[in-house]
Amino acid sequence: MSLNELSEKVGLTLSNLSILKTGKARAIRFSTLESICEALDCQPGDILEYREVCETS
Amino acid sequence: MVSAFVSLFVNQEAAGDLYQGLSLSPLYDFSRGHYSAAVLLIIALLVLKAYLFYLAIKALTGISLDKPFSLNVADLISRISYVSLGTGVLAMLADAYSGWLAKGGVAFQYNWGSPEFLFMGGLIFIIALIFKRGVEIQAENELTI
């Protein structure tokens with residue numbers, strides 16, 4: 001699925017999807033997560049991942 | 001400024017009506033040096049007031065209702081608070097100076113407005129802190145999808 005198609009299905013702008021894709025998003029609303037999972041037919045765990053932030057000394 | 005220049009270098013009688021009926025003739029008769037100092041203080045305070053108005057207009061024109069909390073406006077509001085506090089301190093010093101002159105027997109009455117500027121400066125400083133927090137919250141909100 002292209003970003004344009006996802007944007008139309010979920011109701012997000014391309015810039016917001018780009019922010020999500022590049023990892024610059026600070027937070028995501030549950031409603032947005034629900035819309036994305038519904039569009040992609042997946043679970044939140046399939047598209048979210050926890051990574052430990054390495055602190056630079 | 002023009003009246004002050006005229007009173008110092010052209011005609012002493014101009015000291016009797018400097019700006020909006022302000023008369024510093026007794027001070028001029030007492031000492032030309034102190035008269036010059038008082039006039040310089042008045043001009044400095046008026047310039048600072050004008051600069052405050054300029055910053056306020058610049059801040060107001062920089063606010064967009066779409067995204068009101070911008071770093072530029074936050075900096076301007078901080079600057080307004082610093083200039084206002086500085087003006088208040090200068091006015092306080094000027095007030096003390098005019099008080100000292102009055103004790104010396106010179107009738108010198110001028111409303112320097114020191115408490116008002118200090119109060120305004122403190123208030124705007126708090127507003128600037130809150131506005132900066134607003135900038136942070138807005139930035140985080142923009143990155144909330």
Side-chain angles (χ1 to χ4, degrees), chain A, chain B residues 48 51-89 116-145:
Chain A
M1 186 188 295
S2 68
L3 272 177
N4 282 320
E5 287 174 20
L6 184 61
S7 160
E8 281 172 28
K9 275 192 173 181
V10 175
L12 286 178
T13 60
L14 281 172
S15 61
N16 279 347
L17 276 177
S18 173
I19 289 169
L20 271 175
K21 191 180 168 190
T22 54
K24 289 180 186 171
R26 298 286 295 273
I28 185 167
R29 295 187 177 90
F30 281 126
S31 55
T32 306
L33 186 59
E34 189 183 359
S35 303
I36 292 173
C37 289
E38 193 180 343
L40 297 177
D41 189 26
C42 65
Q43 291 294 318
D46 298 333
I47 54 176
L48 292 175
E49 178 192 61
Y50 169 76
R51 277 184 201 172
E52 206 167 298
V53 176
C54 298
E55 287 183 22
T56 53
S57 57
Chain B
L48 283 169
Y51 184 54
L52 273 173
F53 270 108
Y54 164 73
L55 288 175
I57 290 167
K58 205 171 166 187
L60 284 171
T61 53
I63 290 179
S64 156
L65 286 177
D66 184 36
K67 284 173 188 173
F69 298 97
S70 69
L71 212 57
N72 187 35
V73 176
D75 285 341
L76 280 170
I77 294 174
S78 293
R79 215 186 299 179
I80 289 171
S81 73
Y82 298 146
V83 172
S84 185
L85 283 169
T87 306
V89 167
E116 289 86 2
F117 277 112
L118 288 173
F119 176 69
M120 185 177 89
L123 207 62
I124 293 176
F125 181 74
I126 293 167
I127 291 170
L129 288 176
I130 295 169
F131 204 89
K132 278 180 185 168
R133 182 73 187 117
V135 170
E136 287 172 21
I137 292 171
Q138 184 178 278
E140 203 165 312
N141 191 45
E142 281 171 10
L143 292 173
T144 297
I145 310 302

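Labels below follow one simple rule: chain letters A, B, ... track the order of the sequence lines, proteins then strands, and each chain is numbered from 1.
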Colleague: Check whether more than 12 heavy atoms from other residues, nucleotides or ligands sit under 6.0 Å from atom CD of A/Glu34, and answer yes or no.
Modeller: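 Counting other residues, nucleotides and ligands, CD of A/Glu34 stays at 12 neighbours or fewer.
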Colleague: Count the heavy atoms of every other residue, nucleotide or ligand shown that sit under 6.0 Å from CG of A/Asp41, and state whether that count exceeds 12.
Modeller: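 Incorrect, the count does not exceed 12.
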Colleague: How close do B/Asn141 and A/Arg29 get, heavy atom to heavy atom, and via which atoms?
Modeller: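 Answer, listing the atom of B/Asn141 first, then A/Arg29: OD1-NH2, 3.5 Å.
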Colleague: How far apart are the closest heavy atoms of B/Ile145 and A/Asn16, and which atoms are they?
Modeller: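 Nearest heavy atoms, B/Ile145 then A/Asn16: CD1-OD1, 3.7 Å.
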Colleague: Counting only heavy atoms not in B/Glu142, do more than 12 sit closer than 6.0 Å to its CD atom?
Modeller: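 Yes, CD of B/Glu142 has more than 12 neighbouring heavy atoms, counting only those of other groups under 6.0 Å.
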Colleague: Answer with side chain, backbone, both or neither: which region of A/Ile28 has an atom nearer than 4.5 Å to a non-hydrogen atom of chain B?
Modeller: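 For A/Ile28, backbone and side chain are both near chain B.
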